[in-house]
Number of protein chains: 2
Amino acid sequence: MELAAAKLKFIEAWGKLGSEWGINRTMAQVHALLLISAEALTTEEIMENLSISRGNANMTLRDLIGWGLIEKQHKAGERKEYFFADKDVWNIARQVAKERKKRELEPVLKVLNELSNVAGDEKDPEFKTFKKSITDINKLAVNVDKTLETMLKAEENWFWGSILKVFK
Amino acid sequence: MELAAAKLKFIEAWGKLGSEWGINRTMAQVHALLLISAEALTTEEIMENLSISRGNANMTLRDLIGWGLIEKQHKAGERKEYFFADKDVWNIARQVAKERKKRELEPVLKVLNELSNVAGDEKDPEFKTFKKSITDINKLAVNVDKTLETMLKAEENWFWGSILKVFK
DNA sequence: TTAAACTTTCAAAAATTATTGAAAATTTAT
DNA sequence: ATAAATTTTCAATAATTTTTGAAAGTTTAA
């Protein structure tokens, strides 16, 4: 396969994966494009490459900066902005984990905590079932949260070394 | 907070979480409803409880069965079908992990593997960057895959015990 | 059989989400 | 200051996803 075809295929696959996990397809594609670009690209180049509008490119790039996945660069003597992706895959994984933990896991943990304290009749099967499900989900969520917390602090080798060694 | 209000709040939170992770909101809500129901429910009851149409309820229930999260039950002397959710949260987590691994991770691993074999000019920075990104992502994905594989086979206590002990 | 009870299907409609593109805003060089 | 280059905004439009609801299909009891 040619490099150009391979790039297209990767951009498509990354976009699909993103959309299956609740991340805007275009955002994932722009990220993919920058991930496999040796050089930083301009908004113009990204627009052309992915056939998207200026407005879309601008908003998507802003979001990607918000996720901590890309950064703006400036070239000496040039007006326009260049965009460059962090290529360290472990950094990327941590950054995504960090953002999703903050945006999605933490709010749910908060709700689960509130719901853990609902008072009711211990003889009522409906109450008992509710309470048990909430408590169990809460425990699982806390474990996931702790593991992510560890991952955020860890070096890649140490993290996978620890996990895979124990599981071998 | 009243049990009724707490149930509503949980259904809403579970639905929101689902939609943020690429799972249809209604599907997550039906799952939530059954998770906190002591008794199996009929399609009719689910429709009323969540204010959704018969068609929607039917399709959603079929999908949930496809995900292995709920099952049909029949009551002696009754025509209609009842639906009941597995309440074991560790089973649920494994089931979701298993399905998403199969549906989403494995196809991506396949593509990454193909892309790992793209030939090109080692002197070309574009080729080198592409190759390195793909190789690194591939390694990460393989590690995730192995960890999920272990999780699928593991008992809850053993799994979290191993992870959290190492990380303490 | 027949018919009532119940479930499934799917084209059309509604709701949601993503994208466009042109105008407004901003920045920079002169 | 002026104007060209560039970026940002956002109302309108398009695309996608979800939901509806009524008709068709199936099952069961008598």
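Just so it is clear, the values below take in all heavy atoms, side chains as well, and ignore hydrogens, waters and symmetry mates. Order of the sequence lines fixes the chain letters, A, B, ..., with proteins taken first and strands second; residue numbering starts at 1 for each chain. Since the structure is predicted, the reported quantities are computational estimates derived from the model, not experimental observations.
Judged purely by atom type and a 3.5 angstrom limit, A/K87 uses its side chain to pair as donor or acceptor with the backbone of A/S37. Within the 3.5 Å criterion, the main-chain N or O of B/A154 finds a donor-acceptor partner in the side chain of B/R94.
OP1 or OP2 of D/dT18 has not a single side-chain nitrogen or oxygen of B/T26 nearer than 4.0 Å. In this structure, A/T43 does not reach the D/dT6 phosphate: none of its side-chain N or O atoms is under 4.0 Å from OP1 or OP2.
Rounded to a whole Å, the CD1 atom of A/I46 is 15 Å from the P atom of C/dT19. Residue A/E81 contributes atom CD, which lies 14 Å from atom C1' of C/dA25 at whole-angstrom precision. In this structure, CD of B/E45 is placed 11 Å from P of C/dT7, rounded to the nearest angstrom. Following rounding to the nearest Å, B/N24 (CG) and C/dT17 (C1') show an atom-to-atom distance of 14 Å. Summarising the geometry, the separation between NZ on B/K16 and C1' on C/dT16 is reported as 16 Å, rounded to the nearest angstrom. The NE2 atom of A/H74 sits 11 Å away from the C1' atom of D/dT7 (whole-angstrom rounding). The CG atom of B/L41 sits 17 Å away from the C1' atom of C/dT7 (whole-angstrom rounding). Across the protein-nucleic acid pair, A/L64 atom CG and C/dA18 atom P stand 14 Å apart, rounded to whole Å.
Nearest nucleotide to the side chain of A/R79, out of C/dT8, D/dA5, D/dT7: D/dA5. Closest to the side chain of B/K72, out of D/dT7, D/dT19, C/dT8, is C/dT8.
Using a 4.0 Å cut-off between a side-chain N of Lys or Arg and a carboxylate O of Asp or Glu, A/K80 and A/E44 do not qualify as a salt bridge. We find that A/E126 and B/K7 are joined by a salt bridge, their nearest charged nitrogen and carboxylate oxygen being less than 4.0 Å apart. Using a 4.0 Å cut-off between a side-chain N of Lys or Arg and a carboxylate O of Asp or Glu, A/E149 and A/K101 qualify as a salt bridge.
A heavy-atom distance below 4.0 Å to DNA chain C is reached by these residues of residues 51-60 of chain A, ordered by number: A/S51, A/I52, A/S53, A/G55, A/N56.
Mapping A/M27 and B/Y82 onto DNA chain C by nearest heavy atom places B/Y82 closer to the 5' end of the strand.
Around the CD atom of A/E2, the shell of radius 6.0 Å holds no more than 12 heavy atoms that belong to other residues, nucleotides or ligands.
The aromatic rings of B/W90 and B/F159 sit tilted, their planes meeting at an angle between 30° and 60°.
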